[in-house]
Amino acid sequence: MSDGTATAAGVRTARELVGRSKDPVLNEDNPFEAMMARFDHAAELLDLDPGIYRVLREPEKQVIVAVPVRRDNDEIEVYTGYRVLHNTSRGPGKGGIRFDLNVTLDEVKALAAWMTWKCAVVNIPFGGAKGGVVCDPSAMSISELERVTRRYTASLIEIFGPESDIPAPDVNTNERVMAWIMDTYSMHKRHAVTGVVTGKPVEMGGSLGRREATGRGCMIVTREALKHLGLPLRGTKVAVQGFGNVGSVTAQLLEKEGLTIVGISDKSGAVYNPNGIYIDDAVKWVQAHRYLAGYPNAEPIKPDELLELTVDVLVPAAVENAITRRNAARIKARVICEGANGPTTPGADKILEEQGVFVIPDILANAGGVTVSYFEWVQDRAGYFWDEATVVDRLHGVLQRSFHDVLSVARRHQVNMRTAAYMLSVERVAAVHRLRGMYA
Ligand code: NAD
């Protein structure tokens with residue numbers, strides 16, 4: 001594909017472009033830079049056309065809205081809301097909305113791009129988007145939260161839509177918030193539009209199997225990785241960081257496959273039992289006591305020790321930047337399944353690769369969630385709902401195929417799974433740009 005700017009600037013390949021514009025000192029803890037470092041690397045290896053490289057580096061649309069809300073004490077507060085559409089060449093934007101004091105435009109941009117690559121890696125027809133409101137939901141009443149949600153939605157009414165941009169839950173938002181978004185959008189459209197959000201309650205068009213989808217995806221790709229490496233399932237030892245939705249479901253399903261979960265952790269601390277932790281029992285403990293702290297059937301260990309346990313599989317399913325260049329050399333696991341978004345920094349990637357650790361990257365490992373969100377959107381649009389077995393079966397199909405798609409790119413190009421996942425997804429998005437051509 002020709003690129004006038006590139007010729008004028010004398011730039012011929014993405015390789016040269018990356019070399020020129022890249023910040024010499026990468027701040028590896030910054031999620032935007034971490035994601036861009038991986039994207040740049042994939043673009044270099046693909047020798048991506050510089051014009052397409054420039055297009056994919058910039059979000060298509062960034063919207064900032066003021067969200068005025070009357071507080072319960074009658075005062076008016078004005079919050080800042082963002083929605084970023086990174087790329088919609090393959091389909092409508094897809095991505096969560098977070099309500100948090102730490103939301104920034106840069107973070108939302110990074111997370112939107114992340115969604116573009118994640119949707120492309122599992123080959124579902126969505127682009128990448130993300131949104132957020134800078135607020136502290138823990139200091140708000142339920143009705144204040146509802147007013148923030150409705151006003152934010154109303155301000156973005158031309159952006160959202162089942163054909164254009166479909167939000168989902170993220171940090172501090174949940175199915176209740178999705179129900180308010182759906183209702184606000186539907187009131188403006190004068191009819192019920194269930195397909196405008198995913199992660200809704202099942203009673204109003206949500207999908208069966210959505211709650212377990214991300215953990216189920218982690219289980220499926222871990223199983224495929226063990227098979228690929230010739231390691232058995234039975235007795236294989238696992239440590240899981242984070243015992244929320246993703247971590248606890250992954251642990252439960254891996255246990256069902258015959259693996260032994262020896263270590264788990266949450267915000268309150270970590271626990272270890274070399275003979276295996278019975279996960280249903282730990283889940284019951286957390287349901288009753290909110291946190292793992294005090295769990296009686298395992299011994300407490302330091303949170304950092306959990307990552308360094310002698311296990312076969314490590315599942316970081318809690319926070320960003322859990323594995324960095326500071327602790328990567330002490331990781332003993334043979335397989336890392338990234339349940340969380342961005343748990344490993346680019347600096348750690350290198351060390352893990354040298355140690356021969358097989359890393360299943362976040363954009364593949366935790367894509368089960370967005371895959372079932374896609375199923376939810378399909379069901380809403382068709383007005384025909386699947387039973388749970390169908391959802392589970394189709395999720396298996398998508399993730400098994402995606403794992404092997406990534407693996408074959410890794411083999412063909414002699415790169416690790418993360419680089420392969422980025423190469424596959426960047427090339428899929430780039431291919432659509434080439435086919436569609438440049439409008440006007
Ligand atoms: P969650 O809030 O249900 O659970 C988070 C868990 O991590 C909790 O148990 C919390 O106590 C624990 N935690 C927090 N800080 C910790 C720390 N420093 N050390 C150990 N544990 C800590 O959240 P979730 O939905 O399970 O999401 C977890 C991660 O997975 C996030 O990175 C999220 O972006 C990612 N993710 C989630 C989904 C999904 O469908 N829920 C999909 C894709 C990615």
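Order of appearance sets the numbers: ligands from 1, and atoms from 1 within every ligand. Model, not experiment: these values are computed from the prediction.
The nearest heavy-atom contact from the protein to atom 27 (O) of ligand 1 is Val246 CG2, 3.9 Å. For atom 4 (O) of ligand 1, the closest heavy atom belonging to the protein is Gly244 CA, 3.2 Å. The nearest protein atom to atom 3 (O) of ligand 1, hydrogens excluded, is given as Asn245 N, 2.9 Å; this is a heavy-atom distance.
Closest of all the heavy-atom pairs between Val121 and Leu424 is O-CD2, 4.2 Å. For the residue pair Ala120 and Ser425, the shortest heavy atom distance occurs at CB-CB, 3.6 Å. Residue Gly368 comes nearest to Leu399 through the heavy atom pair CA-CD1, 3.9 Å, listed as atom of the first residue, atom of the second, then distance. Residues Ala333 and Val313 approach most closely at CB-C, 4.2 Å, considering heavy atoms. The two atoms that bring Ala322 and Leu307 nearest to each other are O-CD1, 3.7 Å, heavy atoms only. Pairing each heavy atom of Thr153 with each of Thr149, the nearest pair is OG1-O, 2.6 Å.
Remark: Asp183 does not engage Lys200 in a salt bridge, criterion side-chain N to carboxylate O under 4.0 Å.
Checked by distance only, ligand 1 and Thr214 come closer than 3.5 Å through their nitrogen or oxygen atoms. Considering both main-chain and side-chain atoms, Asn341 comes within under 3.5 Å of ligand 1 through a nitrogen or oxygen pair. Polar contact check, Ala317 against ligand 1: no nitrogen or oxygen pair lies under 3.5 Å apart. An N or O contact shorter than 3.5 Å is missing between Gly369 and ligand 1 by distance.
Short contacts between ligand 1 and Ala340, defined as distances under 4.0 Å to a heavy atom of the residue, involve ligand atoms 29 (C), 30 (O), 32 (O), 35 (C). Close approach of ligand 1 to Gln241 (heavy-atom distance below 4.0 Å) involves ligand atoms 19 (N), 20 (C). Taking a cut-off of under 4.0 Å to the non-hydrogen atoms of Ala318, the atoms of ligand 1 that pass are 7 (O), 13 (N), 21 (N), 22 (C), 28 (C), 29 (C), 31 (C), 32 (O). Against a heavy-atom cut-off of under 4.0 Å, Ser265 is close to the following atoms of ligand 1: 20 (C).
Across the listed options Ala213, Gly339, Ser248, Gly339 owns the non-hydrogen atom lying nearest to atom 36 (N) of ligand 1. The closest heavy-atom contact to atom 13 (N) of ligand 1, among the options Met115, Glu212, Lys267, comes from Lys267. The residue among Phe243, Trp114, Tyr291 with a heavy atom at the shortest distance from atom 9 (O) of ligand 1 is Phe243.
The side-chain heavy atoms of Asn245 and Arg211, taken from C-beta on, include a pair separated by under 4.5 Å.
Using a 30° and 60° split on the angle between ring planes, Phe375 and Trp386 fall in the tilted class, from 30° to 60°. Ring-plane geometry between His228 and Phe358 is classed as tilted, the angle between the planes lying from 30 to 60 degrees on a 0 to 90 degree scale.
Under 4.0 angstrom from ligand 1, the non-hydrogen atoms of Val319 all belong to its side chain.
Put simply, atom 32 (O) of ligand 1 has protein non-hydrogen atoms near it, under 4.0 Å away. For atom 15 (N) of ligand 1, the nearest protein heavy atom is under 4.0 Å away. Within a 4.0 Å radius of atom 22 (C) of ligand 1, the protein has at least one heavy atom.
Around the CZ atom of Arg71, the shell of radius 6.0 Å holds more than 12 heavy atoms that belong to other residues, nucleotides or ligands.
Using a non-hydrogen distance threshold of 4.0 Å, Arg210 registers as a contact of ligand 1. In this structure, Pro303 has no heavy atom closer than 4.0 Å to ligand 1.
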* Please lay out, stage by stage, how Asn297 and Asn273 fare under the test side chain to side chain donor-acceptor pair (under 3.5 Å). => CA-CA 8 Å; Asn297 299 324; Asn273 184 338; over 6 Å; no

